[in-house]
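The block underneath contains the structure these notes are about, expressed in structure tokens.
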Amino acid sequence: MNTTLCYIEKENQYLMLHRTKKKNDLNEGKWICVGGKFEADETPEECLLREVKEETGLTLEKYRLRAVITFISDRWPTEYMYLFTASEYSGTLTDCNEGTLAWVDKDRILELPIWEGDRIFLEKLMESDRFFTLKVAYQGDRLVESVLQEY
């Protein structure tokens with residue numbers, strides 16, 4: 001499965017989504033960013049733009065591919081996630097049917113309930129502009145392996 005995830009930046013904050021509304025949500029109760037699954041024949045950029053618009057009402061104008069993350073789980077199919085950051089956008093923020101959107105200070109994000117693997121790539125995003133890949137493997141909700149490669 002291919003997905004996108006986007007950390008939209010404003011000043012020293014990221015737009016975060018507290019997942020509380022979607023039924024049977026593997027991310028329930030966690031804070032993540034906006035994104036989702038590819039539709040048929042979509043490129044990563046097309047998926048990114050569509051998902052951000054659907055979940056936030058915003059249209060991205062400047063964005064950058066920062067990483068490719070491979071998620072392996074004993075419960076879910078392997079996922080390849082294209083991780084973007086975005087610094088320019090237009091439109092008005094709308095409500096999201098998957099949870100509550102909030103601008104969160106970057107230095108407070110790691111205090112939120114997030115996945116252990118997300119913590120690894122968030123720290124990389126905040127400390128470096130270099131492209132990277134990350135493989136994370138979970139048994140249940142527990143991170144059992146992580147392999148980071150910077151370019």
I'd like to know if Phe38 and Ile69 are part of one continuous hydrophobic network [Ile/Leu/Val/Met/Phe/Trp/Tyr, side-chain heavy atoms within less than 4.5 Å]. no
As a test of understanding, state which of Tyr63, Phe121, Phe84 forms a side-chain contact (heavy atoms from CB on, under 4.5 Å) with Tyr7. Phe121
Here the gap from Ile114 atom CD1 to Cys33 atom SG, rounded to the nearest 0.5 Å, amounts to 9.5 Å
Ser146 and Lys135 side chains, donor-acceptor separation under 3.5 Å: no
Apply ring pair (Phe, Tyr, Trp, His ring centres under 6.0 Å) to Phe71 and Trp76, showing your working. CA-CA 9 Å; Phe71 290 95; Trp76 311 101; over 10 Å; no
Tracing side-chain contacts under 4.5 Å among Ile, Leu, Val, Met, Phe, Trp and Tyr outward from Met1 reaches none
Interatomic distance, CD@Glu61 vs OH@Tyr89, rounded to 0.5 Å, equals 10.5 Å
Distance from Lys10 atom NZ to Lys106 atom NZ, nearest 0.5 Å? 12.5 Å
Going by the rule side-chain hydrogen bond (donor to acceptor under 3.5 Å, both in side chains), which residues pair with Glu116 if we only count those two or more places apart in sequence or in a different chain? none
With sequence neighbours left out, what residues match Glu79 under side-chain hydrogen bond (donor to acceptor under 3.5 Å, both in side chains)? Thr3
For Asp105 and Gln13, does a side-chain donor sit closer than 3.5 Å to a side-chain acceptor? yes
The residue among Glu55, Glu45, Glu42 that forms side chain to side chain donor-acceptor pair (under 3.5 Å) with Arg50 is Glu42
Approximate separation, where rounding is to 0.5 Å, of Met126 CE and Asn12 CG: 9.5 Å
